[in-house]
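In listed order, ligands and their atoms are each counted from 1. Values below: every heavy atom of this structure, side chains too, minus hydrogens, waters and symmetry copies.
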Amino acid sequence: MPHEYDAIVLGGGPAGSTVATLLAQAGQRVVVLEKEHFPRYHVGESLLPASVAIFERLGVHEAIRETSVRKPGGKWLYGPNEVPGDFTQSDHRATFKSHPYAYLVDRTIFDNILLDRSAECGAEIRCGHEVVGLIQEEGRVVGVRTVDDSRQKAEFRGRLVFDATGLAALIGKQLRIRKPTIEQRMGIFAQYRADPVREDAKNGWFVGQMFYDGWTWLLNLPDDCISVGVVLPVERFRRIRQSPEDLLDRVVRENDLLKNGMTPNPERVSEVHVTGNMGNSCTHLAGEGWVMVGDSGFFIDPCYSSGVHVAMLSACMAADIFLEQPADAPISPAVFELYERKLRHHEKYVTQMVEAFYMASRNTTLQKIVVFLQGCWVKSLRRKFVTFVGGDFSINAGYISRVYHWSRFAAWAFPNTQTAPEHSPDYLVDNRESDSKPPVESKTETASSK
Ligand SMILES: Cc1cc2nc3c(=O)[nH]c(=O)nc-3n(C[C@H](O)[C@H](O)[C@H](O)COP(=O)(O)OP(=O)(O)OC[C@H]3O[C@@H](n4cnc5c(N)ncnc54)[C@H](O)[C@@H]3O)c2cc1C
């Protein structure tokens, strides 16, 4: 006998648990089907201040505050220069004006707090249940099939299926509507036992360092743990011919930020994790009987730490739309048109910021322009930037678009003095100038997601 619900949520990450909490709080019968057992590890520890209002709405802010490090902003190192984004410097329209801070979280704890809250509000949580297929009738998704840890099969039916399976993107893959977007990059990351040495990292700042077409990060997590990672093109990883472990060890030894940002000889206390597929999008976010929330709909390179916020924001929007629908009629995909339009807007402008970031990473002239402008930046421009990267993606889109187009123009107009990866032994660790030619742009293949 299939189990009957108002809503079925696939995946118990931030997107799935947010939907489940909001629906359960409104008295809906909702089940979360999650293949892992919580608590479980997940990457994505640097959050945005615009999410704090969502934490309040869900009733989890206090629990998150108690288990995380307060984050006042993010800082990028461009060679020897620093470009900070301080959340207190937002413009008057920022939704986070009254709480200009975010958090650095251990996702094992953070995701568990969110999922526990869903259960507390009345959602049924089934961990160890992998969703393996969709049940479709007359072109409509009416439920899903699962297999649990003891290989028991089951069926779950409901009025709407929320796909919150993250990069696994269950519906996007099953319906073959998920496509790669910008150049394929991958992340390699782990947690280390060490103390931060840099004052900014000690004080909870996100600190990242760009290098040619990639970047590293260092985040001070609770319990003397530091999250460290590197993002680079998949093709370059293949050319380097090192295992992810060896490559990460090397970056920790050689990258300026990681080498000098932690106490010496940091002990790795987690496995080395690898994620590919960074840059994917589905052609639609809703269809007959289903809607996508979070990474399952689209995934943008994480250099601006936008993922968890987009996941929770999209979950709130989709849950609110669901709750507005009459209970006795099927839900038409048309009700998600505005949802799709708003999210596509966020996707477009966050992607433009990411592309501007990578253009700068490949061009030291562009970096100098950014550093120069940063020094004399008109305050209102800086405020627009901080408002956007704090998570208010619907504000200042015109400004972001100008940044993107100016960057394209500057990258075209000024010669690239950056050392090309093929010619520099340091291409993973620093930005160096040379006379060498820029590398030929090339398409990459998708790495498998782990
Ligand atoms: C290298 C890297 C660094 C990042 N850094 C940041 C950062 O600093 N800040 C930030 O905000 N974001 C960051 N992100 C992005 C962030 O990790 C995601 O955007 C965020 O976790 C999305 O939440 P979600 O709920 O959509 O998906 P997830 O958190 O991935 O949750 C999906 C859940 O679905 C479950 N699932 C998958 N398939 C199935 C199935 N078939 N059946 C049942 N359950 C299933 C999974 O087990 C998982 O628990 C980073 C991502 C990467 C790759």
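Nearest non-hydrogen protein atom to atom 17 (O) of ligand 1 is V43 O, 3.0 Å. Distance from atom 27 (O) of ligand 1 to its nearest protein heavy atom, with residue and atom name: G166 CA, 3.4 Å. Among all non-hydrogen protein atoms, the one lying nearest atom 39 (C) of ligand 1 is T165 CG2, 3.6 Å. Nearest protein neighbour of atom 33 (C) of ligand 1, counting heavy atoms only, is E34 OE1, 3.6 Å.
A tilted orientation is assigned to the rings of W290 and H284, their planes being inclined by 30° to 60°. Below 30°, between 30° and 60°, or above 60°: for Y5 and H3 the angle between ring planes is between 30° and 60°, a tilted geometry.
With distances taken over non-hydrogen atoms, the option nearest atom 51 (C) of ligand 1 out of Y304, F299, F298 is F299. The closest non-hydrogen atom to atom 10 (C) of ligand 1, taken over P302, S46, G391, comes from S46.
Within the 4.0 Å heavy-atom criterion, the part of L33 lying near ligand 1 is the backbone and not the side chain.
Seen from the ring of Y358, R185 counts as a face-on cation partner, given the 6.0 Å and 45° thresholds.
Residue pairs meeting the salt bridge (charged side-chain N to carboxylate O under 4.0 Å, His left out) criterion with at least one member in residues 5-33: none, sequence neighbours excluded.
Residues passing the ring pair (Phe, Tyr, Trp, His ring centres under 6.0 Å) test with Y101, sequence neighbours excluded: Y103.
For the pair P14 and ligand 1, a heavy-atom separation below 4.0 Å is found.
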